[in-house]
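What follows is a set of notes on a single structure, which appears directly below.
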Amino acid sequence: YSGCSAIYGSLCGEFGEGTFLIVTAVCTAISGLIYIPLFKQFPWKPPDNKYKPTPEEIEAKAEFEKSGDITWLSMADLIAANEKRQEKNMQPISARFGSFEEDKVHLHRMQQTARRDFEYYYRETSLMVHTLKHGSREERAQLAGMLEMYQHADPPSDQDKHEFLEWVWDWMQYAGYGNPAQAPRMWKGMFMAAFPYILENGEKNPLWKDNAAEVMLKVEHVVHGMLKMDRGNESFEKATKAFKLSSLRPRG
(Lines give C-alpha, C1' and ligand atoms only; values in the text may rest on other atoms or scores of the structure.)
Protein backbone atom coordinates (compact mmCIF):
# COMPACT_ATOMS: atom_id res chain seq x y z
CA TYR A 1 0.00 0.00 0.00
CA SER A 2 2.97 2.31 -0.35
CA GLY A 3 1.27 3.87 -3.41
CA CYS A 4 -1.70 5.24 -1.41
CA SER A 5 -2.31 8.95 -2.03
CA ALA A 6 -2.28 11.58 0.66
CA ILE A 7 -6.09 11.90 0.43
CA TYR A 8 -6.48 8.31 1.55
CA GLY A 9 -3.56 8.42 3.96
CA SER A 10 -5.78 8.02 7.00
CA LEU A 11 -7.03 4.73 5.62
CA CYS A 12 -3.43 3.46 5.29
CA GLY A 13 -2.34 4.58 8.74
CA GLU A 14 -0.02 7.30 7.46
CA PHE A 15 -1.93 10.14 9.20
CA GLY A 16 -3.72 10.57 12.46
CA GLU A 17 -7.28 9.50 13.04
CA GLY A 18 -9.86 11.88 11.52
CA THR A 19 -7.42 13.50 9.09
CA PHE A 20 -9.41 12.20 6.13
CA LEU A 21 -12.61 13.89 7.34
CA ILE A 22 -10.80 17.19 7.98
CA VAL A 23 -9.19 17.20 4.54
CA THR A 24 -12.53 16.38 2.90
CA ALA A 25 -14.31 19.19 4.77
CA VAL A 26 -11.64 21.73 3.84
CA CYS A 27 -11.74 20.70 0.16
CA THR A 28 -15.54 20.96 0.15
CA ALA A 29 -15.43 24.43 1.70
CA ILE A 30 -12.86 25.64 -0.80
CA SER A 31 -14.86 24.30 -3.74
CA GLY A 32 -17.93 26.12 -2.42
CA LEU A 33 -16.12 29.45 -2.68
CA ILE A 34 -16.15 29.08 -6.46
CA TYR A 35 -19.93 29.49 -6.49
CA ILE A 36 -20.07 32.75 -4.52
CA PRO A 37 -20.01 34.94 -7.69
CA LEU A 38 -22.89 32.87 -9.05
CA PHE A 39 -24.94 33.32 -5.88
CA LYS A 40 -24.66 37.10 -6.33
CA GLN A 41 -26.32 36.74 -9.73
CA PHE A 42 -29.10 34.48 -8.50
CA PRO A 43 -32.44 36.10 -9.40
CA TRP A 44 -33.79 36.62 -5.90
CA LYS A 45 -35.59 39.59 -7.40
CA PRO A 46 -36.60 39.81 -11.06
CA PRO A 47 -34.52 42.30 -13.06
CA ASP A 48 -35.95 45.74 -13.76
CA ASN A 49 -38.11 45.67 -16.86
CA LYS A 50 -36.16 48.31 -18.78
CA TYR A 51 -37.51 48.56 -22.29
CA LYS A 52 -35.66 49.87 -25.34
CA PRO A 53 -38.24 50.91 -27.94
CA THR A 54 -37.69 50.40 -31.63
CA PRO A 55 -38.07 53.31 -34.09
CA GLU A 56 -41.46 51.88 -35.11
CA GLU A 57 -42.59 51.81 -31.47
CA ILE A 58 -41.46 55.39 -30.95
CA GLU A 59 -43.47 56.38 -34.02
CA ALA A 60 -46.49 54.42 -32.74
CA LYS A 61 -46.28 56.18 -29.38
CA ALA A 62 -46.21 59.56 -31.08
CA GLU A 63 -49.28 58.58 -33.12
CA PHE A 64 -51.05 57.47 -29.94
CA GLU A 65 -50.29 60.75 -28.19
CA LYS A 66 -51.61 62.63 -31.22
CA SER A 67 -54.72 60.60 -32.08
CA GLY A 68 -55.23 57.99 -29.35
CA ASP A 69 -54.67 55.15 -31.86
CA ILE A 70 -53.25 52.06 -30.08
CA THR A 71 -53.01 49.82 -33.16
CA TRP A 72 -49.21 49.58 -33.01
CA LEU A 73 -48.62 50.84 -29.49
CA SER A 74 -46.21 48.55 -27.64
CA MET A 75 -47.35 46.71 -24.54
CA ALA A 76 -44.82 48.72 -22.53
CA ASP A 77 -46.35 52.02 -23.66
CA LEU A 78 -49.90 50.71 -23.28
CA ILE A 79 -49.27 49.73 -19.66
CA ALA A 80 -47.59 53.08 -18.99
CA ALA A 81 -50.56 54.92 -20.47
CA ASN A 82 -52.99 52.92 -18.33
CA GLU A 83 -50.95 53.67 -15.21
CA LYS A 84 -51.48 57.38 -15.90
CA ARG A 85 -55.20 56.78 -16.40
CA GLN A 86 -55.38 54.86 -13.14
CA GLU A 87 -53.97 57.86 -11.31
CA LYS A 88 -56.87 59.90 -12.70
CA ASN A 89 -59.48 57.19 -11.87
CA MET A 90 -60.15 56.62 -15.57
CA GLN A 91 -61.09 53.45 -17.47
CA PRO A 92 -58.30 51.43 -19.09
CA ILE A 93 -57.76 52.07 -22.79
CA SER A 94 -59.76 49.95 -25.22
CA ALA A 95 -60.26 49.91 -28.97
CA ARG A 96 -62.06 47.98 -31.69
CA PHE A 97 -60.70 44.50 -32.22
CA GLY A 98 -61.13 44.98 -35.94
CA SER A 99 -61.62 42.50 -38.76
CA PHE A 100 -59.24 39.91 -40.14
CA GLU A 101 -59.53 41.39 -43.63
CA GLU A 102 -58.30 44.74 -42.31
CA ASP A 103 -55.36 43.05 -40.57
CA LYS A 104 -54.47 40.53 -43.26
CA VAL A 105 -51.80 42.69 -44.90
CA HIS A 106 -50.19 43.32 -41.50
CA LEU A 107 -49.98 39.75 -40.16
CA HIS A 108 -46.19 39.54 -40.26
CA ARG A 109 -45.77 42.85 -38.48
CA MET A 110 -48.34 41.79 -35.89
CA GLN A 111 -46.37 38.64 -35.13
CA GLN A 112 -43.14 40.59 -34.79
CA THR A 113 -44.60 43.21 -32.47
CA ALA A 114 -46.52 40.60 -30.47
CA ARG A 115 -43.25 38.75 -29.82
CA ARG A 116 -41.80 41.85 -28.19
CA ASP A 117 -45.05 42.29 -26.28
CA PHE A 118 -44.78 38.70 -24.98
CA GLU A 119 -41.20 39.28 -23.85
CA TYR A 120 -42.06 42.53 -22.09
CA TYR A 121 -45.25 41.28 -20.46
CA TYR A 122 -43.53 38.12 -19.23
CA ARG A 123 -40.99 40.26 -17.40
CA GLU A 124 -43.72 42.61 -16.23
CA THR A 125 -45.85 39.83 -14.73
CA SER A 126 -42.74 38.45 -12.99
CA LEU A 127 -42.23 41.87 -11.41
CA MET A 128 -45.90 42.01 -10.42
CA VAL A 129 -45.70 38.64 -8.67
CA HIS A 130 -42.56 39.75 -6.83
CA THR A 131 -44.18 43.05 -5.82
CA LEU A 132 -47.32 41.34 -4.54
CA LYS A 133 -45.25 38.96 -2.43
CA HIS A 134 -42.28 41.06 -1.36
CA GLY A 135 -42.95 44.69 -2.31
CA SER A 136 -43.31 47.58 0.09
CA ARG A 137 -46.75 48.69 1.29
CA GLU A 138 -46.69 51.59 -1.18
CA GLU A 139 -45.72 49.33 -4.10
CA ARG A 140 -48.45 46.82 -3.28
CA ALA A 141 -51.03 49.61 -2.93
CA GLN A 142 -50.10 51.04 -6.34
CA LEU A 143 -50.40 47.64 -7.99
CA ALA A 144 -53.69 46.99 -6.19
CA GLY A 145 -54.99 50.23 -7.70
CA MET A 146 -54.13 48.99 -11.19
CA LEU A 147 -55.91 45.70 -10.53
CA GLU A 148 -58.98 47.54 -9.28
CA MET A 149 -59.03 49.65 -12.45
CA TYR A 150 -59.31 46.51 -14.60
CA GLN A 151 -61.75 44.93 -12.15
CA HIS A 152 -64.18 47.85 -12.48
CA ALA A 153 -63.68 48.44 -16.20
CA ASP A 154 -66.64 48.21 -18.56
CA PRO A 155 -67.24 44.72 -20.01
CA PRO A 156 -66.76 44.12 -23.74
CA SER A 157 -69.69 45.15 -25.92
CA ASP A 158 -71.55 42.76 -28.18
CA GLN A 159 -69.65 44.25 -31.11
CA ASP A 160 -66.33 43.58 -29.33
CA LYS A 161 -67.30 39.94 -28.79
CA HIS A 162 -68.48 39.54 -32.37
CA GLU A 163 -65.33 41.05 -33.88
CA PHE A 164 -63.09 38.94 -31.64
CA LEU A 165 -64.83 35.64 -32.48
CA GLU A 166 -65.08 36.56 -36.16
CA TRP A 167 -61.35 37.37 -36.27
CA VAL A 168 -60.40 34.07 -34.63
CA TRP A 169 -62.63 32.12 -37.03
CA ASP A 170 -61.25 33.91 -40.09
CA TRP A 171 -57.68 33.32 -38.93
CA MET A 172 -58.29 29.62 -38.34
CA GLN A 173 -59.68 29.24 -41.84
CA TYR A 174 -56.90 31.30 -43.40
CA ALA A 175 -54.26 29.28 -41.52
CA GLY A 176 -55.73 25.99 -42.77
CA TYR A 177 -57.34 24.44 -39.70
CA GLY A 178 -60.45 23.08 -41.41
CA ASN A 179 -63.85 22.39 -39.91
CA PRO A 180 -63.97 22.26 -36.08
CA ALA A 181 -67.31 20.43 -36.20
CA GLN A 182 -65.47 17.36 -37.49
CA ALA A 183 -63.55 16.97 -34.21
CA PRO A 184 -65.17 19.29 -31.64
CA ARG A 185 -63.72 17.62 -28.54
CA MET A 186 -60.16 17.91 -29.82
CA TRP A 187 -60.72 21.53 -30.79
CA LYS A 188 -62.04 22.36 -27.33
CA GLY A 189 -58.98 20.66 -25.85
CA MET A 190 -56.70 22.68 -28.12
CA PHE A 191 -58.23 25.95 -26.97
CA MET A 192 -58.04 24.94 -23.29
CA ALA A 193 -54.39 23.92 -23.74
CA ALA A 194 -53.50 27.20 -25.44
CA PHE A 195 -55.50 29.23 -22.90
CA PRO A 196 -55.41 27.33 -19.60
CA TYR A 197 -57.72 28.13 -16.71
CA ILE A 198 -56.71 31.14 -14.61
CA LEU A 199 -59.76 32.23 -12.60
CA GLU A 200 -63.46 31.95 -13.39
CA ASN A 201 -64.70 35.25 -14.87
CA GLY A 202 -61.20 36.72 -14.55
CA GLU A 203 -60.96 40.21 -13.10
CA LYS A 204 -64.73 40.32 -12.54
CA ASN A 205 -64.35 37.61 -9.90
CA PRO A 206 -64.26 39.08 -6.35
CA LEU A 207 -61.34 36.75 -5.62
CA TRP A 208 -59.26 38.42 -8.35
CA LYS A 209 -57.76 41.02 -6.05
CA ASP A 210 -57.58 38.80 -2.95
CA ASN A 211 -55.61 36.15 -4.85
CA ALA A 212 -53.71 38.53 -7.08
CA ALA A 213 -50.28 36.90 -6.59
CA GLU A 214 -51.60 33.46 -7.53
CA VAL A 215 -53.54 34.88 -10.48
CA MET A 216 -50.57 36.82 -11.83
CA LEU A 217 -48.35 33.75 -11.43
CA LYS A 218 -50.77 31.88 -13.70
CA VAL A 219 -50.78 34.79 -16.15
CA GLU A 220 -46.99 34.74 -16.13
CA HIS A 221 -47.09 31.02 -16.96
CA VAL A 222 -49.49 31.60 -19.87
CA VAL A 223 -47.41 34.43 -21.34
CA HIS A 224 -44.23 32.39 -20.97
CA GLY A 225 -45.94 29.50 -22.76
CA MET A 226 -47.00 31.81 -25.59
CA LEU A 227 -43.46 33.13 -25.89
CA LYS A 228 -42.01 29.61 -26.06
CA MET A 229 -44.62 28.51 -28.59
CA ASP A 230 -44.01 31.60 -30.74
CA ARG A 231 -40.26 30.99 -30.75
CA GLY A 232 -40.81 27.34 -31.54
CA ASN A 233 -43.11 28.21 -34.43
CA GLU A 234 -40.54 30.63 -35.81
CA SER A 235 -37.77 28.02 -35.59
CA PHE A 236 -39.96 25.38 -37.22
CA GLU A 237 -40.93 27.73 -40.04
CA LYS A 238 -37.28 28.52 -40.75
CA ALA A 239 -36.41 24.83 -40.74
CA THR A 240 -39.20 23.90 -43.15
CA LYS A 241 -38.22 26.68 -45.53
CA ALA A 242 -34.67 25.40 -45.57
CA PHE A 243 -35.81 21.84 -46.22
CA LYS A 244 -35.77 20.81 -49.86
CA LEU A 245 -39.14 19.22 -50.55
CA SER A 246 -37.98 18.41 -54.05
CA SER A 247 -35.60 15.81 -52.58
CA LEU A 248 -38.61 13.72 -51.58
CA ARG A 249 -39.93 13.48 -55.13
CA PRO A 250 -39.46 10.07 -56.81
CA ARG A 251 -36.83 10.00 -59.52
CA GLY A 252 -37.63 9.47 -63.15
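What you see is a predicted model, and the numbers here were worked out from it, not measured in a lab. What's counted below: heavy atoms across the whole structure, side chains too, no hydrogens, waters or symmetry copies.
- Note that CD of Gln111 and CD of Glu237 are 7.0 Å apart. Values are rounded to the nearest 0.5 Å.
- Remark: the backbone N or O of Glu200 is paired with a side-chain donor or acceptor of Tyr197 at under 3.5 angstrom.
- For the pairing with Phe64, the side chain to side chain contact (heavy atoms under 4.5 Å, CB included) check across Leu78, Ile93, Asp69, Thr71 returns one residue only, Ile93.
- Residues Met172 and Trp187 form a side-chain contact, since some pair of their non-hydrogen atoms from C-beta on lies under 4.5 Å apart.
- With hydrophobic clusters built from ILVMFWY side chains whose heavy atoms lie under 4.5 angstrom apart, Leu227 shares a cluster with Met229.
- By the 4.5 Å heavy-atom criterion applied to side chains, Lys66 and Glu63 are counted as neighbours.
- Side-chain N/O atoms of Gln159 and Glu163 include a donor and acceptor closer than 3.5 Å.
- Atoms CD and CG, from Glu148 and Asn89 in turn, are 10.0 Å apart once rounded to the nearest 0.5 Å.
- Looking at every heavy atom in both residues, Pro196 comes nearest to Val222 through CG-CG2, 3.7 Å.
- No side-chain heavy atom of Leu217 sits under 4.5 Å from any side-chain heavy atom of His221.
- With hydrophobic clusters built from ILVMFWY side chains whose heavy atoms lie under 4.5 angstrom apart, Phe118 shares a cluster with Phe195.
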key: side-chain contact (heavy atoms from CB on, under 4.5 Å) between Ile79 and Tyr121, intermediate numbers included   = CA-CA 9 Å; Ile79 290 176; Tyr121 199 56; 3.8 Å; yes
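- When hydrophobic clusters are built by joining Ile, Leu, Val, Met, Phe, Trp and Tyr residues whose side-chain heavy atoms come closer than 4.5 Å, directly or via intermediates, Leu107 is grouped together with Val168.
- Counting only heavy atoms from C-beta outward, the side chains of Arg140 and Leu143 never approach each other to under 4.5 Å.
- Salt-bridge annotation for Glu234 and Arg231: absent, with no side-chain N of the basic residue lying under 4.0 Å from a carboxylate O of the acidic one.
- In the hydrophobic clustering of this structure, Val223 groups with Ile198; members are Ile, Leu, Val, Met, Phe, Trp, Tyr whose side-chain heavy atoms approach within less than 4.5 Å, directly or through other members.
- Checked against side-chain hydrogen bond (donor to acceptor under 3.5 Å, both in side chains), Asp230 has the following partners two or more places apart in sequence or in another chain: Arg115.
- Cluster membership for Met216 and Leu207, using ILVMFWY side-chain heavy atoms within less than 4.5 angstrom, is not shared.
- Nearest heavy-atom pair, Ala212 versus Leu147, reported as atom, atom and distance to 0.1 Å: CB-CD1, 3.5 Å.
- By the neighbour-count criterion of 12 heavy atoms within 6.0 Å, atom NZ of Lys204 is densely surrounded, having more than that number from other residues, nucleotides or ligands.
- Between Ala144 and Lys209 the shortest heavy-atom distance is CB-CE, 4.0 Å.
- Of all heavy-atom pairs between Asp77 and Glu57, the closest is OD2-O, 4.1 Å.
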Donor-acceptor list for residues 98-105 side chains, cut-off 3.5 Å, not counting sequence neighbours:
from: Ser99; atom 1: OG; to: Glu102; atom 2: N; distance (Å): 3.2
from: Ser99; atom 1: OG; to: Glu102; atom 2: OE1; distance (Å): 3.3
from: Glu102; atom 1: OE1; to: Ser99; atom 2: N; distance (Å): 3.0
from: Asp103; atom 1: OD2; to: Trp167; atom 2: NE1; distance (Å): 2.9

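- You'll find the side chain of Val129 stays beyond 4.5 Å of the side chain of Ser126, heavy atoms only.
- In summary, Arg123 and Glu119 do not engage in a salt bridge, as defined by a charged side-chain N under 4.0 Å from a carboxylate O.
- Nearest heavy-atom pair across Pro92 and Arg85 is C-NE, 4.0 Å.
- Applying the 6.0 Å contact sphere to CD of Gln142 captures no more than 12 heavy atoms from other residues, nucleotides or ligands.
- Looking only at side-chain heavy atoms (C-beta outward), Arg109 and Thr113 come within less than 4.5 Å of each other.
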